[in-house]
Amino acid sequence: MAEFYGTTVADIFNTMPKRFKPEEAKEEDIAIGYECKGEGKWKVTIKHGTIKVEEVKGDLKGCATTIRAADAETFIGTTLGKIQAMDALTTGKLRVVGDVKLLMTLLPKIFVQYTVPEKKSSVVAKDIISTITERFRPDKAAGVDMKVGYDLAGPDGGKWTIVIKDGKCAVKEGLAKDLTVKMTMPAEIYVGMMLGTISGESAFTSGQVKLDGDMMAAGATSRFFNKFVDPNAQASEAEELITIKVTNSINCRFATGTAYGMWFKGLKEKKFLANVCPKCGRTQITPREICAFCRVRCNEFVELGPKGTITAADVVYFASPDPLTGAVRKTPYAMCWILLDNASAQEAFCFDIKREDLPKMKIGARVRPVWAKETKGTFTDLLYFELDK
């Protein structure tokens with residue numbers, strides 16, 4: 001029995017009685033024949049709100065209308081809506097002997113649309129845990145010494161410790177006392193994440209997964225192992241696509257406008273250019289064409305800095321994945337609000353601080369810019385700020 005789109009012709013006929021809507025067929029009295037080349041023949045008898053589905057070995061007799069499909073793919077595709085019925089009719093892959101309107105009017109009225117039932121994996125957490133050592137990638141774990149505990153709740157759950165040390169991996173029952181990190185979650189959530197049917201990021205942010213210990217160690221474990229593949233999945237089924245790590249690139253140039261264009265021109269010359277409101281005297285950095293307070297055009301430009309003062313800082317210990325590439329920044333890192341010399345008091349702007357300066361960073365500290373070796377007039381010209389020692 002051939003399978004297309006995750007189902008077979010027999011599946012469609014076997015579910016007909018359950019999908020039948022008797023209240024819509026009280027006035028109907030008709031027999032419909034189906035013939036699918038290579039699959040078989042069926043006769044569906046509908047009479048005053050009742051239905052009878054039978055497989056026929058010989059000729060189809062007593063049918064007011066007969067539907068013939070050239071192959072299983074055509075029949076399944078038209079049933080699921082993957083193939084337009086009119087396209088199949090015009091190409092001859094689908095033929096109707098009798099009333100063609102039956103396809104368009106009666107059948108959608110008296111039957112609930114067939115949908116492919118979701119295939120549930122029989123894999124449990126223990127099955128996945130048992131494959132950890134064979135999926136281990138020692139080349140990715142050089143110099144790693146950590147113990148990861150899994151506390152999986154539910155009837156198919158359990159407690160395990162994954163030990164990674166000296167390029168080797170071992171699985172032990174129970175939870176060790178000196179864990180690097182412990183992950184607590186329902187067993188079904190763990191299985192879903194491993195199979196790719198549940199987003200790991202969503203599971204963490206929704207509170208379904210609890211972490212105790214080194215959060216970054218938990219995020220790093222995935223690179224130490226090859227992806228688990230369900231052994232019960234059919235060979236013809238494609239592996240579920242979760243993410244494609246690609247950066248969108250559009251081969252175009254965009255005009256930023258006169259004011260913002262001056263900002264990028266300044267970066268190319270390793271300068272910070274701001275424009276000045278002619279009414280209130282406020283400097284705007286980055287430059288904007290109109291003063292937001294006075295609502296007048298700002299055409300005068302001045303150079304600020306290049307040094308400045310930290311007025312506020314946000315230190316990040318858990319970085320979110322980049323939505324375009326999936327990459328995660330090395331942590332911790334800090335985004336600082338920097339007030340450049342000669343700038344108006346409210347015109348601090350946010351930028352990265354050098355990672356090596358984080359231990360000494362504080363509000364009020366003086367900083368200086370670090371530029372790229374080759375400046376091109378883009379946002380990549382300014383690398384970061386560092387403490388001005």
Side-chain angles (χ1 to χ4, degrees), residues 1-121 195-197 230 232-244 246 248:
M1 188 67 67
E3 180 177 308
F4 293 93
Y5 307 106
T7 192
T8 65
V9 174
D11 292 335
I12 296 173
F13 286 104
N14 291 337
T15 60
M16 269 191 171
K18 292 182 180 180
R19 295 186 291 110
F20 180 61
K21 297 190 286 186
E23 68 279 2
E24 299 290 345
K26 292 180 180 180
E27 306 298 324
E28 304 299 335
D29 186 359
I30 189 173
I32 308 168
Y34 294 87
E35 182 177 349
C36 185
K37 189 175 181 179
E39 299 295 316
K41 302 174 183 178
W42 286 264
K43 183 178 180 181
V44 179
T45 304
I46 299 166
K47 190 171 184 178
H48 305 312
T50 63
I51 185 173
K52 180 182 179 182
V53 181
E54 55 187 325
E55 189 170 2
V56 178
K57 298 299 181 182
D59 296 333
L60 286 168
K61 298 179 179 179
C63 298
T65 300
T66 303
I67 301 170
R68 293 189 172 94
D71 49 50
E73 183 177 8
T74 299
F75 182 80
I76 296 171
T78 53
T79 301
L80 295 176
K82 304 290 185 180
I83 300 174
Q84 293 296 320
M86 288 305 299
D87 292 342
L89 287 167
T90 55
T91 58
K93 289 190 173 183
L94 194 69
R95 292 177 55 210
V96 178
V97 180
D99 188 0
V100 180
K101 293 182 180 179
L102 188 74
L103 279 175
M104 312 300 177
T105 57
L106 180 62
L107 296 183
K109 176 184 175 183
I110 64 177
F111 287 105
V112 174
Q113 172 70 38
Y114 176 80
T115 55
V116 180
E118 182 181 351
K119 293 183 179 180
K120 295 184 178 180
S121 174
L195 294 178
T197 58
D230 185 353
N232 300 319
Q234 296 186 19
S236 60
E237 292 181 359
E239 184 177 340
E240 183 178 355
L241 181 63
I242 304 302
T243 58
I244 298 179
V246 59
N248 292 332

Colleague: Do any N or O atoms from the side chain of Arg19 and from the backbone of Ile12 form a donor-acceptor pair under 3.5 angstrom?
Modeller: yes
Colleague: To the nearest 0.5 Å, what is the distance between OG1 (Thr91) and CD (Gln84)?
Modeller: 12.0 Å
Colleague: Nearest 0.5 Å, what's the CD-NZ distance between Glu73 and Lys93?
Modeller: 6.5 Å
Colleague: Could you go through Leu106 and Ile30, starting from their C-alpha distance and side-chain angles, then the distance that decides it, and tell me whether this counts as side-chain contact (heavy atoms from CB on, under 4.5 Å)?
Modeller: CA-CA 11 Å; Leu106 180 62; Ile30 189 173; 4.3 Å; yes
Colleague: Would you compute the distance between atom CG of Leu89 and atom CD1 of Ile67 and round it to the nearest 0.5 angstrom?
Modeller: 9.0 Å
Colleague: Do side-chain atoms of Glu24 reach the backbone of Gly49 as a donor and acceptor pair under 3.5 angstrom?
Modeller: no
Colleague: Under 3.5 Å, side chain of Lys21 to main-chain N/O of Lys109, donor-acceptor pair present?
Modeller: yes
Colleague: What are the two closest non-hydrogen atoms of Cys36 and Phe75, and how far apart are they?
Modeller: SG-CB, 4.0 Å
Colleague: Work out which heavy atom in Tyr5 is nearest to a heavy atom in Gly77; give both atom names and the distance.
Modeller: CE1-CA, 3.6 Å
Colleague: Can you tell me how far apart CD1 (Ile110) and CD1 (Ile46) are? Round to the nearest 0.5 Å.
Modeller: 3.0 Å
Colleague: Who are the side-chain contact (heavy atoms from CB on, under 4.5 Å) partners of Ala31, not counting sequence neighbours?
Modeller: Lys43, Thr45
Colleague: Does the side chain of Thr79 reach to within under 4.5 Å of the side chain of Thr7, using non-hydrogen atoms?
Modeller: no
Colleague: Grab the two heavy atoms, one from Thr74 and one from Ile83, that are nearest each other, plus how far apart they are.
Modeller: CA-CD1, 4.1 Å
Colleague: If you measure from CG on Asn14 to OH on Tyr114, what distance do you get to the nearest 0.5 Å?
Modeller: 8.5 Å
Colleague: Of the non-hydrogen atoms in Thr90 and Asp87, which two are nearest, and what is the gap between them?
Modeller: OG1-O, 3.0 Å
Colleague: Are Leu107 and Thr65 close enough that some pair of their side-chain heavy atoms sits under 4.5 Å apart?
Modeller: no
Colleague: Considering only heavy atoms from C-beta outward, does the side chain of Ile51 approach that of Phe111 to under 4.5 Å?
Modeller: yes
Colleague: Could you tell me which non-hydrogen atom of Ala85 sits nearest to which non-hydrogen atom of Leu94, and how far apart they are?
Modeller: O-CD2, 4.5 Å
Colleague: Are any side-chain N or O atoms of Lys41 and backbone N or O atoms of Asp59, one a donor and one an acceptor, separated by less than 3.5 Å?
Modeller: no
Colleague: If you round to the nearest 0.5 Å, how far is NZ of Lys26 from NE2 of His48?
Modeller: 13.0 Å
Colleague: Step by step, would you call Asp71 with Lys37 a side-chain contact (heavy atoms from CB on, under 4.5 Å)?
Modeller: CA-CA 5 Å; Asp71 49 50; Lys37 189 175 181 179; 5.8 Å; no
Colleague: Hey, does Val53 have a side-chain heavy atom less than 4.5 Å from the side chain of Tyr34?
Modeller: no
Colleague: Is the closest side-chain heavy-atom distance between Leu80 and Phe4 below 4.5 Å?
Modeller: no
Colleague: Count the heavy atoms belonging to other residues, nucleotides or ligands that lie under 6.0 Å from CD of Glu27, then report whether that count exceeds 12.
Modeller: no
